[in-house]
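Basis for what follows: all heavy atoms, side chains included, without hydrogens, waters or symmetry-related copies.
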Amino acid sequence: MISNRRAWIGVSCWLVLIGSLRADDSLVVVQHGDLPIVISAPHGGREVIPDAPPRTGRDGIYRFVTEADTNTDKLADELAQELERLLGKKPYVVRARFARKYCDVNRKAEDAYESPAAKAVYDAYHAALAEACRDVQRRWHGGLLLDVHGQSTYPDQLIRGTNNGLTTSMLVERRGAEAYIGRGSLLGLMQQAGYDVLPPIDTTEAEPTRYSGGHIVKTYGSHQAGGIDAIQFEFGRKYRVPASEAEKSAKDLAKAIVAFCGDYVPAAVIPAEAVGR
């Protein structure tokens, strides 16, 4: 039987749905938005999940990783705040405060947790993320899910993860390949801001297999019924550490999103004056 404490974890994660972005006692931070943009940050948390021992892994588990993606929580928060400053409206946010060693929400359930307490948090994260994506689809008939991660394999590079375009199927269908791989794409705009990006812009080169998009973008991308265009952003360590670099990356990405919206998002959603049309 799940204890009262465990039950409260799930309840508290849902209660924060009605609040704004803030640090509180919840293990999942959720912000309801006014933009067709959802920010997810699953691996930056450091909090203990009560009654959940650290995961130990098992034979056959898919990509068992317990380390945090350093400063991705800060990057996601700063991104949300900068978008609100630039556009006058809030994006949706779903961010983990819990440590990855207890639960990895970017994995299928069978590979994500090892205890009932961690399951409650996993379910709460995905319930909030699913609701945010459904709300965006219902209100605007499409939008962007930006899944924020960090990697050290390519420490000086920013990697796009879309399952090689699968999770942005709607974007490509509506706006063409330029919106996905061109200079006017989000990664193209980040390259113009000085970031070394993978795959290279204006090529059909495949995304690095390990970073081509995990469970979150595969589940909520626009190739799925009711999904929205989903991109996994893998920031190299250079762009996240120290924290000041994460803040800079967030501000640069916010500017890129605003410029991207100017070309690809209807003015009825974001006023023309906000993006300089």
Side-chain angles (χ1 to χ4, degrees), residues 1-19 21 23-32 38-70 72-73 76-77 92-136 145-150 161 163 167 210-211 213-221 224 226-228 230 232-234:
M1 180 176 180
I2 298 176
S3 68
N4 290 337
R5 175 60 176 166
R6 292 175 187 171
W8 171 244
I9 293 170
V11 172
S12 62
C13 291
W14 274 106
L15 287 176
V16 76
L17 276 167
I18 63 174
L21 183 63
D24 57 29
D25 293 332
S26 168
L27 291 173
V28 180
V29 175
V30 182
Q31 171 175 287
H32 184 81
V38 181
I39 300 169
S40 167
H43 291 158
R46 295 170 294 280
E47 299 294 327
V48 172
I49 298 178
D51 300 326
R55 296 183 297 142
T56 59
R58 63 178 185 278
D59 291 341
I61 193 169
Y62 179 74
R63 291 185 181 172
F64 180 71
V65 180
T66 59
E67 294 82 8
D69 288 353
T70 304
T72 53
D73 54 342
D77 284 354
Y92 293 75
V93 177
V94 182
R95 176 174 68 75
R97 294 187 69 230
F98 55 88
R100 188 182 190 180
K101 66 181 178 179
Y102 302 104
C103 180
D104 187 343
V105 291
N106 198 34
R107 301 287 187 267
K108 294 180 179 180
E110 58 266 28
D111 296 326
Y113 53 82
E114 298 175 3
S115 68
K119 178 184 185 302
V121 175
Y122 180 92
D123 291 345
Y125 192 98
H126 280 281
L129 192 53
E131 177 60 26
C133 292
R134 281 195 300 267
D135 204 37
V136 166
L145 167 60
L146 312 175
D147 197 31
V148 178
H149 293 260
N163 282 215
T167 66
R210 183 175 178 84
Y211 303 110
H215 179 63
I216 287 174
V217 297
K218 289 177 182 177
T219 301
Y220 304 105
Q224 300 282 11
I228 62 177
Q232 181 171 301
F233 286 84
E234 289 279 358

J.: Tell me every residue that passes side chain to side chain contact (heavy atoms under 4.5 Å, CB included) with E47, counting only those two or more places apart in sequence or in another chain.
T.: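 If we apply the side chain to side chain contact (heavy atoms under 4.5 Å, CB included) test to E47, skipping adjacent residues, the hits are L27, R97.
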J.: List for me each residue that meets side chain to side chain contact (heavy atoms under 4.5 Å, CB included) alongside A68, sequence neighbours excluded, and say none if there are none.
T.: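 A68 satisfies side chain to side chain contact (heavy atoms under 4.5 Å, CB included) with no other residue.
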J.: Enter the distance from S115:OG to R55:CZ here, rounded to the nearest 0.5 Å.
T.: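 Between S115 OG and R55 CZ, I get 10.5 Å after rounding to 0.5 Å.
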J.: About how many Å separate NZ of K101 and CD of E67, when rounded to the nearest 0.5 Å?
T.: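 These two atoms lie 10.5 Å from each other.
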J.: If you define the side chain from C-beta out and look only at heavy atoms, does anything of P42 sit under 4.5 Å from H149?
T.: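 Yes; the side chains approach each other to less than 4.5 Å.
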J.: Provide the closest heavy-atom pair for P50 versus V48 in the form atom of the first, atom of the second, distance.
T.: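 In terms of heavy atoms, the two residues are closest at CD-O, 3.4 Å.
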J.: Could you report the tightest heavy-atom contact between A117 and I49, atom names first, then the distance?
T.: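 Shortest heavy-atom contact: O-CG2, 4.0 Å.
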J.: Work out which heavy atom in Y220 is nearest to a heavy atom in C133; give both atom names and the distance.
T.: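 In this case the closest contact between Y220 and C133 is CB-SG, 4.0 Å.
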J.: With F233, which residues qualify under ring-ring contact (aromatic ring centres under 6.0 Å, His included), at least two apart?
T.: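 In terms of ring-ring contact (aromatic ring centres under 6.0 Å, His included), with neighbours along the sequence ignored, F233 is linked to no residue.
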J.: Indicate yes or no: at least one non-hydrogen side-chain atom of N106 is less than 4.5 angstrom from one of D147.
T.: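 Side-chain contact under 4.5 Å: yes.
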J.: Provide the closest heavy-atom pair for G161 versus V217 in the form atom of the first, atom of the second, distance.
T.: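 Heavy-atom minimum between the residues: O-CG2, 4.4 Å.
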J.: With no hydrogens and no angle check, is any side-chain donor or acceptor of T72 less than 3.5 Å from a backbone partner on A41?
T.: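 No, because the side chain of T72 does not come within donor-acceptor range (under 3.5 Å) of the backbone of A41.
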J.: Name all residues meeting the side chain to side chain contact (heavy atoms under 4.5 Å, CB included) criterion together with T219; count only those two or more places apart in sequence or in a different chain, and write none if there are none.
T.: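 By the side chain to side chain contact (heavy atoms under 4.5 Å, CB included) rule, T219 matches H215.
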J.: Which value, rounded to the nearest 0.5 Å, describes the distance between L145 atom CG and Y92 atom OH?
T.: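 If we round to the nearest 0.5 Å, L145:CG and Y92:OH are 12.5 Å apart.
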J.: Which heavy atom in V105 sits nearest to a heavy atom in F98, and how many Å separate them?
T.: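 Nearest heavy atoms, V105 then F98: CG1-CZ, 3.7 Å.
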J.: Does Y113 have any ring-ring contact (aromatic ring centres under 6.0 Å, His included) partners at least two apart in sequence or in another chain, and if so, which?
T.: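 By the ring-ring contact (aromatic ring centres under 6.0 Å, His included) rule, Y113 matches Y122.
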J.: Please name the residue in the list R107, H126, Q232 that meets the side chain to side chain contact (heavy atoms under 4.5 Å, CB included) test with I216.
T.: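 It is H126; the other options fail the test.
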J.: Partners of D73 by side chain to side chain contact (heavy atoms under 4.5 Å, CB included), sequence neighbours excluded?
T.: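 Here the qualifying residues are R46, R95.
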J.: Has the side chain of Y125 got a donor or acceptor atom that lies under 3.5 Å from a matching backbone atom of V94?
T.: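 Yes.
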J.: Taking all non-hydrogen atoms of both residues, which atom of R210 and which atom of V65 are closest, and how far apart?
T.: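 Result for this residue pair: NH2-CG2, 3.9 Å.
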